[in-house]
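Side chains are part of it too, since the values below use all heavy atoms of this structure and drop only hydrogens, waters and symmetry mates. For reference, positions follow the sequence shown, starting with 1.
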Amino acid sequence: MNAGIGKVEVKALEHDHVFLGADHLRNERRIWLVIALTTVMMVAEIAAGTVYGSMALVADGWHMSTHASALLISALAYLFARRQARNPRFTFGTGKLGDLAGFASAIVLALVALLMAWESLLRLSNPVPIGFAQAIAVAVIGLAVNLASAWLLAGGGHAAHGHHAHHHGHDAHHALTHHGHDAHGQHAHDNGHSSHGDHAHHGEAGDNNIRAAYLHVMADALTSVLAIAALTLGSLYGWLWLDPIMGIVGGLVIANWSWSLLKSSGGVLLDVMPEGETLPGEIRQAIETEEDRITDLHIWQVGPGHHAAIVAVISSQPREPAFYKGRLSALQELAHVTVEVTRAA
């Protein structure tokens, strides 16, 4: 520690790296509620199917168990990220754990789509008798449970529907802290999150974990809707082939959803900037003048609605790093900023 720098001053500039989403706790609670609802229905279907000798109910009950297991990935990711948020071993916090869970869930969705298509092809080549009334009843029950689950998860914000929102405005409560040193120029860090670790956001931007849970529920709801349509028409007109055809259609739709989730969550894990992202341009607009130019800029997402940035500035009239960070204070998504300043030759 340099002489003359007091412990109180150093302590005031220290910060944690909590980059959880603004709706993290609420999303976690909603997913646990959906798991509980799914588990209760699973046990009821297996019990009723066993008592009344209905293989359709038993099969759907075990299918719901795989659904609950997939949702458990999302719930445990929220739980672990929250409990380990201040663990210093996670250099940039645990905000990206939801994207890792989303990527895993996307793989599970892809496997579900593949199995649906394969089973449907087998049924198409080798039709089997269908108990239409019983199967329709099971599909209706499943649809009701999934609609209730979707309603619970829909409160998780825009991310549940796959949208990505940005809000770059000045927040009077958005405080920045600074610390710096001289080393081949001037170098300093920013921590832009509030004392609670979260920004105030309008919607949950880019939470791939809640999106993954929502897609699992919607995939199940889609299969129920397609099954009801196919079974109803099959019972009226004897079209046994329609049920496996609907299974193939459902598999293709779910595969498309899986690919979209793989791209978005994988992009965050690999620090890819989404197409159309305006944050790099806004940083350049805020920093660059006739005297100041950005020579190197790195931006990546560290959590839902939170981005980190490393900005290298060359200047004919260099200022302290805090000056340049002050220019970025209106960009609320910048949760952690490092600025390096070099004097032009």
Side-chain angles (χ1 to χ4, degrees), residues 15 17-23 92-93 95-96 98-99 157-159 162-180 185-194 196-208 263-342 344:
H15 55 267
H17 297 86
V18 181
F19 302 127
L20 303 181
D23 294 323
F92 277 96
K96 292 171 74 168
D99 298 288
H158 291 89
H163 300 305
H164 188 79
H166 294 296
H167 301 279
H168 303 303
H170 180 70
D171 185 347
H173 301 288
H174 182 73
L176 294 176
T177 57
H178 317 281
H179 63 274
Q186 301 171 58
H187 188 96
H189 299 284
D190 251 358
N191 182 50
H193 56 274
S194 68
H196 299 287
D198 297 320
H199 287 300
H201 291 288
H202 301 288
E204 184 66 3
D207 191 335
N208 284 310
K263 287 195 297 182
S264 60
S265 57
V268 174
L269 294 174
L270 294 174
D271 300 329
V272 176
M273 277 274 94
E275 291 184 11
E277 172 63 64
T278 60
L279 192 55
E282 292 177 358
I283 290 175
R284 290 186 179 277
Q285 186 177 11
I287 293 292
E288 292 190 329
T289 63
E290 291 185 5
E291 295 82 18
D292 305 315
R293 287 288 185 272
I294 292 177
T295 59
D296 197 17
L297 177 62
H298 299 274
I299 305 170
W300 68 100
Q301 183 173 316
V302 291
H306 298 281
H307 287 76
I310 298 174
V311 187
V313 179
I314 186 170
S315 177
S316 58
Q317 299 179 2
R319 308 283 191 96
E320 290 292 327
F323 171 80
Y324 299 98
K325 292 193 291 289
R327 289 179 176 177
L328 300 174
S329 61
L331 306 183
Q332 293 188 31
E333 284 188 54
L334 283 181
H336 196 285
V337 178
T338 300
V339 175
E340 185 178 35
V341 183
T342 303

With a 4.5 Å limit on heavy-atom distance, are the side chains of [X] and [Y] in contact?
{"X": "Gln301", "Y": "Leu279", "answer": "no"}
{"X": "Asp292", "Y": "Arg327", "answer": "yes"}
{"X": "His306", "Y": "His17", "answer": "no"}
{"X": "Ile283", "Y": "Leu334", "answer": "yes"}
{"X": "His336", "Y": "Thr338", "answer": "yes"}

Item to complete: Please collect all ring pair (Phe, Tyr, Trp, His ring centres under 6.0 Å) contacts where either partner lies in residues 281-300, sequence neighbours excluded, each pair once.
Response: Phe92-Trp300
Practice prompt. Kindly give the heavy-atom pair with the smallest separation between Val341 and Pro318, and that separation in Å.
Written response: CG1-CB, 3.7 Å
Item to complete: Return the minimal non-hydrogen interatomic distance between Pro304 and Gly95, and the atom names on each side.
Response: CD-O, 3.5 Å
Worksheet, complete the sentence: d(Glu340 CD, Thr295 OG1) to nearest 0.5 Å is 7.5 Å
Practice prompt. Answer yes or no: is there a donor N or O on one side and an acceptor on the other, between the side chain of Tyr324 and the main chain of Ile287, under 3.5 Å?
Written response: no
Worksheet entry | Lys325 (side chain) donor-acceptor with Val339 (main chain) under 3.5 angstrom | no
Item to complete: Using the test side chain to side chain donor-acceptor pair (under 3.5 Å), find all partners of Ser264 that sit at least two apart in sequence or belong to another chain.
Response: Asn208, Arg211
Discussion item. Under 3.5 Å, is there a donor on one side chain and an acceptor on the other for Asp99 and Ser265?
Written reply: no
